[in-house]
There are 2 protein chains.
Amino acid sequence: MNPDRAKVTIFDVAEHAGVSIKTVSRVVNNEPNVRENTRERVMLAVRELRYQPNAAARELSGKRSRIIGLIYENAEEFSYLNDVFNGALGICEPAGYSLLLRPLTLPDPEIIDHIRQFATNARVEGIVLPAPMGDLPEVSGLLREMRIPFAAITPREPAPDEINILCNDEAASHALTELLIRQGHDAIGFIKGHPDHGASHKRFAGYRRALKQHGVAYAPRLVRQGYFDFESGRIAAGRMLDLPNPPSAVLASNDDMAAGAIFAARKRGLNVPGELSIAGFDDTRFSSRIWPPLTTVRQPIVQMAETAAALLIDKLNGHSTEAPDAPFECEVVIRESTAPLSPA
Amino acid sequence: MNPDRAKVTIFDVAEHAGVSIKTVSRVVNNEPNVRENTRERVMLAVRELRYQPNAAARELSGKRSRIIGLIYENAEEFSYLNDVFNGALGICEPAGYSLLLRPLTLPDPEIIDHIRQFATNARVEGIVLPAPMGDLPEVSGLLREMRIPFAAITPREPAPDEINILCNDEAASHALTELLIRQGHDAIGFIKGHPDHGASHKRFAGYRRALKQHGVAYAPRLVRQGYFDFESGRIAAGRMLDLPNPPSAVLASNDDMAAGAIFAARKRGLNVPGELSIAGFDDTRFSSRIWPPLTTVRQPIVQMAETAAALLIDKLNGHSTEAPDAPFECEVVIRESTAPLSPA
DNA sequence: AATCCATTTGACAACGCTGTCAGTTTGCTG
DNA sequence: CAGCAAACTGACAGCGTTGTCAAATGGATT
């Protein structure tokens, strides 16, 4: 530690303001029962001396670490996490909290131990769980058991007394499918996402609902299991395209798989979107950088993460945690990878 | 803080092992002057009780926070940072350090204040500076002045007594250019990177050296300024392609700009790599997902970040910081966006 | 002016660890 | 077997805050 830094203590402020250290503590922590007059005097001293409370002493004495953990899957795709980090950090910092990262590589047979150790060792007060961490029952179960508050950013059903940040994946998927149907497509392939992710089911459900609503027959042969990665999308799309009656459009449950589908189409000499429309999900950073730019669905991830962190901090501070009334809205982004069914 | 957690203190261990707390402290901190016999007894007690030192108390008493900061540019492209995070976290965690993130949006006129505040407030012991943070003289200058040890992962010239992690960008750029020359290209465009990044200059230097070495004339009209983002790459490439005698190959200083170049080529109906070879730099995650997959250069970023963190921690622990003898090696990855010059 | 109660303030003991320094043991020497 | 240095070990005082609880203050009521 550098000798030049962090030397103004609560005693200095107390002396400067002519009060006791406890009063300074009260002011700094916004506690009640301080006369307005006194409060101002202390604040002035704080500002003049540039006092910054010592976090370690605070934690040791007050039992509050002001640290929030963020446990995430260390997947390849990072733009989602980037948004989550930014959202969470943006809230934590001004609130005086630190954010501690804990990447985990899934599947992880020792996940329970890892999380338990993280929670204990890193003395986090609360934890943010972006997808797919929030989807894993063993994770939320452990945290519940350890009585560590958490906020899950994940499309699972809301649990009472737990913070859940949702978005309307299902509706967005429905809208996207509807778009393709309106463009004349009636053989629409679907590449499912990883079955452990709540989002996968929501997205598939939206697809099916749209088909049904518009009287388009559901064809199991046009549905393939994918795992949210490029490779599985490439393979799944390839299988469909090699079918005797291939689909004229493919909806992938995320952009990575959509990119895989484009790759597969191109390998087979198919023009996208002329001969095959392809849409994705997530509006990943590269969605607009590939050719053709992807039609996809954008989620307000930064906002969702902000809300997660804010609600979590509220809860930690004993404020009433009122969940947002409605799920966050996704937005369909129409680009050039989809087009009306050509007359051929 | 949860009542169930973190209750075993140094006193419990001391009692269990039949020694004083100070001895436990010595063992836990690997201090000398403890009889082997005693050490083992204490270790046993530590393990049996699952003792985990209280970080706050340690910091308060010992003046060591065991926190390392990571200041980074909050750019759109994240795969580089992902690798940096993973590398640094992978080292910090087992070493008992926490990693605290501080994203900064560049350019930031108040960068000095932001960093100063981060360093003071967050009580970091040392800081990792990935590119382009390490390139900014005001940043390294401030840290030097504040006497906070830092490790810069950046292609600047090594500074004495400072930790610098380098890689041979220049050589890789040279090799990539050479590859194109060998494929028959003699009108090779170059899109420069952001002038504030050290890497930009290295990469340009490698290009020029290769041209010179192989007797290919250097044509300023084939060199354009870019800023490492897709859009600037698209524009720069577009300008070159609209030239009366356009290049048959374009080397972009990173993959984002290379993707922009592919985009520009496609807009003009040019076949890549048939009519135009394009190569990038960095082997971003999407390099192999776009069409055609990009020929590019891969840097061992995870290793570089690991080394940065490890050397920094060594330094903080007072060990001799011996810099790695040689810069890290980049690797040219040949994919399908480059091809021999076609006879036409 | 005296009394009472609510509000405000302060004294002081934790919190769990490391640094300091003094005390105790051990292993050699002579 | 005493004597001595070196190797160990332990007692105790902080570190800078917050929690507890007692004391002081102030205003309203007799």
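Numbered from 1 within each chain, the chains take letters A, B, ... in sequence-line order. From a predicted model like this one, the values you see are computed outputs, not experimental measurements.
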Worksheet entry | Contacts of A:Arg144 that satisfy salt bridge (Lys or Arg N to Asp or Glu O under 4.0 Å) - sequence neighbours left out | A:Glu162
Worksheet item: Crowded around A:Glu15 CD? As in, over 12 foreign heavy atoms under 6.0 Å?
Response: no
Worksheet item: Residues two or more places apart in sequence or in another chain: which of them pass salt bridge (Lys or Arg N to Asp or Glu O under 4.0 Å) with B:Arg102?
Response: A:Glu93
Fill in: Side-chain N or O of B:Ser25 closer than 4.0 Å to phosphate OP1/OP2 of C:dT18
yes
Discussion item. If the condition is side-chain hydrogen bond (donor to acceptor under 3.5 Å, both in side chains), which residues does B:Asn74 pass it with, not counting sequence neighbours?
Written reply: A:Asn86
What pairs of donor and acceptor atoms, side-chain ones from residues 33-43 of chain A against any protein atom, are under 3.5 angstrom apart with sequence neighbours left out?
unit_1	atom_1	unit_2	atom_2	d
A:Arg39	NH2	A:Glu31	O	2.9
A:Arg41	NH1	A:Ala17	O	2.8

Practice prompt. Could you tell me which residues satisfy side-chain contact (heavy atoms from CB on, under 4.5 Å) with A:Asp196, sequence neighbours excluded, listed by chain and number?
Written response: A:His194
Item to complete: Check ring pair (Phe, Tyr, Trp, His ring centres under 6.0 Å) between B:Tyr72 and all other residues, then give those that pass, not counting sequence neighbours.
Response: B:Phe85
Worksheet item: B:Asn317: what forms a side-chain hydrogen bond (donor to acceptor under 3.5 Å, both in side chains) with it, not counting sequence neighbours?
Response: B:Arg64, B:Tyr97
Fill in: Note, B:Ile148 side chain near B:Leu142 side chain (heavy atom, < 4.5 Å)
no
Worksheet entry | Partner set under side-chain hydrogen bond (donor to acceptor under 3.5 Å, both in side chains) for B:Glu48, not counting sequence neighbours | B:His16
Worksheet item: Rounding to a whole Å, what distance do you find between B:Arg58:CZ and C:dG19:C1'?
Response: 14 Å
Response to the item:
For B:Arg66, the side-chain hydrogen bond (donor to acceptor under 3.5 Å, both in side chains) test, sequence neighbours excluded, returns none
Worksheet item: Is the distance from OP1 or OP2 of C:dT9 to the nearest side-chain N or O of A:Thr23 less than 4.0 Å?
Response: no
Discussion item. Measure CD1/A:Ile10 against P/D:dG19 and give the value in whole Å, please.
Written reply: 11 Å
Worksheet item: Given axes from five pairs at either end, by how many degrees does the helix from C:dA1-D:dT30 to C:dG30-D:dC1 bend, rounded to 10°?
Response: 40°
Fill in: Interatomic distance where CG belongs to A:Leu49 and P belongs to D:dG16 [whole Å]
15 Å
Under 3.5 Å, N/O pairs linking protein and nucleotides 13-15 of chain C:
unit_1	atom_1	unit_2	atom_2	d
C:dC15	O2	A:Ser61	N	3.4

Practice prompt. May I have the distance from A:Phe11 (atom CZ) to D:dT18 (atom P), rounded to whole angstrom?
Written response: 11 Å
Fill in: Side-chain donor/acceptor of B:Arg26 to base of D:dG10, under 3.5 Å
yes
Practice prompt. Quickly work out the B:Lys22 NZ to D:dA11 P distance and round it to whole Å.
Written response: 13 Å
Worksheet item: Contacts to DNA chain C from residues 27-48 of chain B, heavy-atom cutoff under 4.0 Å, which residues?
Response: B:Asn29, B:Glu31, B:Arg35
